[in-house]
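All values reported here derive from a predicted model rather than from experimental measurement.
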Amino acid sequence: MPLKAIVEGETIIGPDLSEEEWTKLKSRHKKGLPIRMGCCGAPGHLRISKKGTQHFYHAVDTGCNYEEESREHLEIKYQIYRICKSENWETSVEFPASDRTWISDVYAIKDGRKIVFEIQISTISPNNLEERDKKYRNEGIESYWLLDNFLERSKAFESWYYAHLYEEDDRLRETIPYIDNSIFDTGPENHIFIAKGIRSVGLNAKNQTLFTTNNPEIPLAVWVREVLKGNYQNYLKETSVTYHHKRQTKILAAPLLIQFREFYQKIIRETYRKKVDSYYRIFKKDKTLREEKTLQKKFDEIYSETDWLGKEYHSCIAESNGLFRWKKIPEYDKPRPYFRLESELKIKKLQECVKMFNQWEASFNSAFSNLEREFLADKRRFEE
Ligand SMILES: [Zn+2]
């Protein structure tokens with residue numbers, strides 16, 4: 001429902017008229033003074049909403065979009081308009097672009113800063129939102145979308161965000177180990193801003209209140225003032241900077257963490273350990289073979305080396321070492337280690353760890369092949 005009409009060639013904003021002016025206009029209109037709608041120029045009439053907001057409505061259904069605007073939409077639009085004006089912003093409502101490709105709900109200018117507020121109560125597709133926002137961006141206008149309960153599209157916005165976050169995993173074709181992705185968890189306004197650069201806020205149209213990730217109920221007036229002061233935009237930007245920093249650290253750490261896990265799986269848990277164990281079982285079962293003192297010594301050595309490497313691994317991954325944080329998550333019974341994506345310094349330290357393990361692995365490899373060669377030769381010799 002529009003707040004704006006044209007009377008005798010002049011644009012009038014309903015709520016701006018005093019009660020007396022409004023009554024006067026109404027009686028003149030009754031006597032035949034034409035009123036044209038500000039949105040489409042169709043004939044219109046005057047009316048007062050339940051909450052007392054003076055506004056206009058189309059005399060006949062012309063198919064104008066503004067006819068479908070709800071009462072809530074009208075009230076919120078009027079509130080925002082009023083607050084912007086009281087903060088000394090040059091403000092208009094239902095403001096059209098020069099080429100009429102958009103009409104914004106509230107448009108406010110001050111010191112070269114241009115802001116639009118868009119109240120979106122009816123559903124709009126994420127792509128449509130992106131397209132409409134682009135029009136404002138192209139004209140250097142700061143746009144803010146009040147999305148009614150995020151239009152029940154939080155999942156779509158979340159998938160924009162996580163597609164962005166997991167780009168690197170997709171590129172590496174695997175999930176990066178030791179990453180606690182819950183540190184990236186946040187809410188829809190940040191998802192939308194980080195993935196698409198669109199400024200939005202959750203709207204509870206019924207109560208005329210707003211909400212964000214950390215704040216379940218913000219009075220409309222408080223939020224609008226924060227927007228005008230630039231604080232809301234700063235909040236979105238700061239969250240985005242923090243996210244990008246963490247993501248960048250994750251990308252840097254990814255190849256190192258993958259190597260680190262490979263090392264663990266190869267030496268500590270799986271491949272080598274199992275091979276050594278299976279050779280040792282054969283060795284122990286065979287009466288003649290187990291008399292081979294040098295071979296026994298080699299087994300002892302390789303076992304002590306594996307134990308030592310295991311200890312090194314565990315001290316590297318221990319909470320006290322400062323590189324990993326142990327955390328219990330619902331999917332697992334026991335706490336698990338997660339790399340601290342905190343600073344470049346941690347990455348450097350991890351790099352040193354991985355470098356060291358690579359050297360140890362090389363020397364372990366040669367000791368193992370040595371043992372394997374001798375074991376197989378002895379085995380063959382005794383079998384003959
Ligand atoms: Zn219209």
Side-chain angles (χ1 to χ4, degrees), residues 1-18 21-22 24-26 28-30 32-85 89-109 114-125 128-139 141-148 151 200 203 205 208 220 224:
M1 291 188 278
L3 293 169
K4 207 162 89 176
I6 298 154
V7 182
E8 294 174 319
E10 257 185 76
T11 301
I12 286 178
I13 292 174
D16 281 354
L17 298 186
S18 69
E21 288 168 327
W22 183 258
K24 206 172 143 201
L25 180 63
K26 199 163 186 177
R28 286 183 66 203
H29 177 54
K30 265 188 187 158
L33 175 73
I35 285 179
R36 301 244 156 232
M37 302 303 287
C39 41
C40 58
H45 300 307
L46 307 79
R47 188 164 66 189
I48 294 180
S49 76
K50 267 188 203 154
K51 285 213 172 176
T53 309
Q54 300 162 355
H55 66 279
F56 303 94
Y57 67 99
H58 296 78
V60 285
D61 184 8
T62 53
C64 174
N65 284 341
Y66 270 91
E67 202 48 45
E68 287 164 29
E69 251 185 29
S70 63
R71 190 176 53 77
E72 284 143 355
H73 193 138
L74 175 85
E75 300 297 343
I76 295 164
K77 182 163 63 179
Y78 170 58
Q79 293 295 329
I80 297 175
Y81 166 76
R82 210 175 46 89
I83 299 155
C84 292
K85 274 195 87 163
W89 285 64
E90 195 189 320
T91 316
S92 29
V93 289
E94 296 139 23
F95 184 81
S98 49
D99 61 359
R100 296 196 75 90
T101 52
W102 49 259
I103 297 178
S104 60
D105 281 329
V106 181
Y107 181 69
I109 313 180
K114 298 179 211 162
I115 294 182
V116 302
F117 293 90
E118 281 289 8
I119 303 142
Q120 198 65 41
I121 296 177
S122 56
T123 317
I124 171 178
S125 78
N128 198 346
L129 172 65
E130 211 180 338
E131 221 159 85
R132 286 177 60 191
D133 191 71
K134 209 178 273 165
K135 288 181 182 161
Y136 292 127
R137 202 174 311 179
N138 291 344
E139 297 193 31
I141 298 169
E142 223 178 288
S143 51
Y144 292 86
W145 296 84
L146 289 78
L147 303 178
D148 190 34
L151 306 174
S200 68
L203 168 67
Q208 294 191 14
L220 184 62
V224 172

Listed pairs under 3.5 Å, donor-acceptor, residues 116-124 side chains, sequence neighbours left out:
unit_1: Glu118; atom_1: OE2; unit_2: Tyr136; atom_2: OH; d: 2.4
unit_1: Gln120; atom_1: OE1; unit_2: Arg132; atom_2: NH1; d: 3.4
unit_1: Gln120; atom_1: NE2; unit_2: Ser122; atom_2: O; d: 3.3

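- Considering only residues two or more places apart in sequence or on other chains, Leu33 meets the side-chain contact (heavy atoms from CB on, under 4.5 Å) condition with Val7, Glu8, Leu25, Arg28.
- For the ring pair (Phe, Tyr, Trp, His ring centres under 6.0 Å) test, residues two or more places apart in sequence or in another chain that qualify with His45 are His29, Tyr57.
- With sequence neighbours excluded, the residues forming a side-chain contact (heavy atoms from CB on, under 4.5 Å) with Ile48 are Trp22, Gln54, listed by chain and number.
- Qualifying side-chain hydrogen bond (donor to acceptor under 3.5 Å, both in side chains) partners for Glu142, counting only residues two or more places apart in sequence or in other chains: Arg113, Tyr144.
- Arg47 places a side-chain heavy atom less than 4.5 Å from the side chain of His55.
- Residues that satisfy the side-chain contact (heavy atoms from CB on, under 4.5 Å) test with Pro34, not counting sequence neighbours, are absent from this structure.
- Considering CG of Leu147 and CG of Leu203, their distance stands at 8.0 Å, rounded to 0.5 Å.
- For the side-chain contact (heavy atoms from CB on, under 4.5 Å) test, residues two or more places apart in sequence or in another chain that qualify with Lys26 are Leu46.
- For the atom pair Glu131 CD and Ser125 OG, the distance stands at 8.0 Å (nearest 0.5 Å).
- Interatomic distance, CD1 of Ile76 versus OG of Ser70, reported as 7.0 Å (0.5 Å rounding).
- Taking the side chain as every heavy atom from C-beta outward, Gln79 and Lys51 never approach each other to under 4.5 Å.
- With a 4.5 Å cut-off on side-chain heavy atoms, Asp105 and Leu146 do not count as touching.
- Distance alone, capped at 3.5 Å, places no donor-acceptor pair between the Lys4 side chain and the Gly38 backbone.
- Of all heavy-atom pairs spanning His58 and Cys40, the tightest one is NE2-SG, 3.3 Å.
- Not a single side-chain hydrogen bond (donor to acceptor under 3.5 Å, both in side chains) links Arg71 to another residue, sequence neighbours left out.
- Residues Arg82 and Pro15 form no side-chain contact, since every pair of their non-hydrogen atoms from C-beta on lies 4.5 Å or further apart.
- Annotation: side-chain hydrogen bond (donor to acceptor under 3.5 Å, both in side chains) contacts of Asp133 (sequence neighbours excluded): Arg137, Ser143, Trp145.
- Ala5 and Ile35 make their closest contact through CB-CG2, 3.8 Å (heavy atoms, listed as atom of the first residue, atom of the second, distance).
- For the residue pair Ile103 and Cys39, the shortest heavy atom distance occurs at CD1-O, 4.3 Å.
- If you take CH2 on Trp89 and OH on Tyr81, they are separated by 15.5 Å, rounding to the nearest 0.5 Å.
- Between Leu151 and Leu129, the closest side-chain pair of non-hydrogen atoms is not below 4.5 Å.
- Closest non-hydrogen pair, Met37 versus Pro43, comes out as CG-O, 4.0 Å.
- Scanning for salt bridge (charged side-chain N to carboxylate O under 4.0 Å, His left out) contacts around Lys85 gives Asp16, with sequence neighbours left out.
- When all heavy atoms are compared, the tightest approach of Ala205 to Asp148 is N-OD1, 3.2 Å.
- Qualifying salt bridge (charged side-chain N to carboxylate O under 4.0 Å, His left out) partners for Glu130, counting only residues two or more places apart in sequence or in other chains: Lys196.
- With sequence neighbours excluded, no residue forms a side-chain hydrogen bond (donor to acceptor under 3.5 Å, both in side chains) with Glu10.
- In this structure, Glu94 contributes its side chain and Leu3 its backbone to a donor-acceptor pair below 3.5 Å.
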